[in-house]
Amino acid sequence: MTRGSRWVVAWAALASVLLAGCDSSGGDEPSPSPTPSATSASPSASPSSSPSPSPSSSGPEIPAAAREQTPAGAEAYVEYFFDQFNVAWTEPQPGLIKSLSDPECQFCKKTEATAARLAEDEQRYKSDPARLQSVDVFGGAPAGQQFTQIRLIQNRVAIVNASGDAVRTDERKELDYYVTLRWKSDRWWLLELEKTS
């Protein structure tokens with residue numbers, strides 16, 4: 001199987017896990033109808049450890065540690081991305097994921113759409129949907145890219161409406177993924193996320 005086809009298979013598998021919260025029927029597959037969709041991830045760092053960016057013409061306020069084109073900088077960027085990923089669905093805040101993602105990232109497009117749907121439906125995650133447990137950087141990526149492997153804990157958490165009533169609860173899961181970053185315009189961007197074997 002080529003790497004490109006593995007991205008497609010991995011993204012489809014991830015979408016079925018992360019977007020299970022979209023299905024109001026309670027099944028494991030995302031609902032194709034315009035029903036509420038929601039999922040998320042957060043980092044091990046607390047929200048106070050880095051500023052929350054507000055979408056603007058100047059882009060997100062990425063912490064200095066995550067703006068270095070080094071393995072440590074890539075690791076810091078992954079942590080920051082998932083911190084903001086969490087914010088995008090707990091507030092919710094459409095546009096945030098897009099501001100941190102490469103335009104080619106299919107996973108990012110889907111999760112950005114979820115943030116927009118949450119806002120449109122006046123729903124949000126009541127608390128952190130997920131926790132980034134670990135990030136490991138490894139070599140072998142093409143020039144200008146960086147490979148990492150993450151362990152993500154999907155927390156058991158409710159999605160609530162404007163009145164604070166639970167409309168769905170996501171169950172706890174442990175998830176392992178490869179995350180690829182791309183360096184361009186003097187910063188990292190999340191290029192894609194692929195489920196490990």
Side-chain angles (χ1 to χ4, degrees), residues 1-19 30 37-43 45 50-89 92-119 129-130 132 134-152 175-196:
M1 181 180 291
T2 67
R3 185 162 185 82
S5 61
R6 282 192 295 149
W7 278 132
V8 173
V9 170
W11 174 79
L14 176 67
S16 69
V17 171
L18 290 183
L19 298 179
S37 61
T39 355
S40 175
S42 77
S50 59
S52 294
S54 39
S56 66
S57 57
S58 61
E61 298 174 22
I62 300 169
R67 285 180 285 152
E68 299 294 326
Q69 192 181 9
T70 62
E75 181 177 334
Y77 189 82
V78 171
E79 292 174 354
Y80 177 72
F81 177 89
F82 282 102
D83 182 34
Q84 299 311 303
F85 191 51
N86 181 58
V87 169
W89 286 318
Q93 192 176 125
L96 184 52
I97 294 168
K98 183 178 180 180
S99 72
L100 299 168
S101 309
D102 188 277
E104 293 181 19
C105 180
Q106 297 302 309
F107 167 77
C108 305
K109 289 177 185 177
K110 201 70 165 175
T111 53
E112 171 63 30
T114 299
R117 179 55 59 86
L118 281 168
L132 188 62
S134 64
V135 183
D136 296 306
V137 177
F138 62 96
Q145 295 183 21
Q146 178 64 62
F147 292 152
T148 69
Q149 183 172 353
I150 67 169
R151 159 72 50 103
L152 195 66
L175 308 164
D176 294 307
Y177 300 107
Y178 295 122
V179 175
T180 302
L181 303 180
R182 173 178 284 166
W183 181 267
K184 66 177 182 179
S185 304
D186 298 320
R187 56 165 283 197
W188 291 111
W189 301 81
L190 195 130
L191 177 59
E192 200 52 86
L193 187 148
E194 174 182 3
K195 196 173 190 321
T196 61

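The figures here come from the full heavy-atom set of this structure, side chains too, leaving out hydrogens, waters and symmetry mates.
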Heavy-atom side-chain proximity of [X] to [Y] below 4.5 angstrom:
X    : Y    : result
P94  : E112 : yes
Q69  : W188 : yes
F147 : P71  : no
E194 : T180 : no

Next item on the list: Indicate the atoms forming the closest heavy-atom contact of A115 with P92, along with that distance.
Entry: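 For A115 versus P92, the nearest heavy atoms are O-CB, 4.0 Å.
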
Note to self: Please find the pair of heavy atoms, one from P103 and one from K109, that lie closest to each other, and give the distance.
What the structure shows: O-CE, 2.9 Å

Could you grab the distance from atom [atom1] of [X] to atom [atom2] of [Y], nearest 0.5 Å is fine?
X    : Y    : atom1 : atom2 : result
Y77  : I62  : OH    : CD1   : 4.5 Å
F82  : I97  : CZ    : CD1   : 9.5 Å
L175 : K195 : CG    : NZ    : 6.5 Å
E75  : T70  : CD    : OG1   : 9.5 Å
E68  : D186 : CD    : CG    : 11.0 Å
N86  : L132 : CG    : CG    : 11.0 Å

Check: Does Q106 reach the main-chain N or O of E192 with its side chain, forming a donor-acceptor pair under 3.5 Å?
Finding: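 Not confirmed, Q106 side chain does not pair with E192 backbone.
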
Check: Under the side-chain contact (heavy atoms from CB on, under 4.5 Å) criterion, do L181 and L191 qualify, and how do the steps go?
Finding: CA-CA 5 Å; L181 303 180; L191 177 59; 5.9 Å; no

Checklist line | The single option from F81, Y178, F85, Y177 passing ring-ring contact (aromatic ring centres under 6.0 Å, His included) against F107 | finding: F85

Margin query: Determine whether F138 and Q149 satisfy the following criterion, side-chain contact (heavy atoms from CB on, under 4.5 Å), listing intermediate values before the conclusion.
Written below: CA-CA 8 Å; F138 62 96; Q149 183 172 353; 4.1 Å; yes

Next item on the list: Using the test side-chain hydrogen bond (donor to acceptor under 3.5 Å, both in side chains), find all partners of R67 that sit at least two apart in sequence or belong to another chain.
Entry: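 If we apply the side-chain hydrogen bond (donor to acceptor under 3.5 Å, both in side chains) test to R67, skipping adjacent residues, there are no hits.
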
Check: Among all residues two or more places apart in sequence or in another chain, which pass the side-chain hydrogen bond (donor to acceptor under 3.5 Å, both in side chains) test with W189?
Finding: none

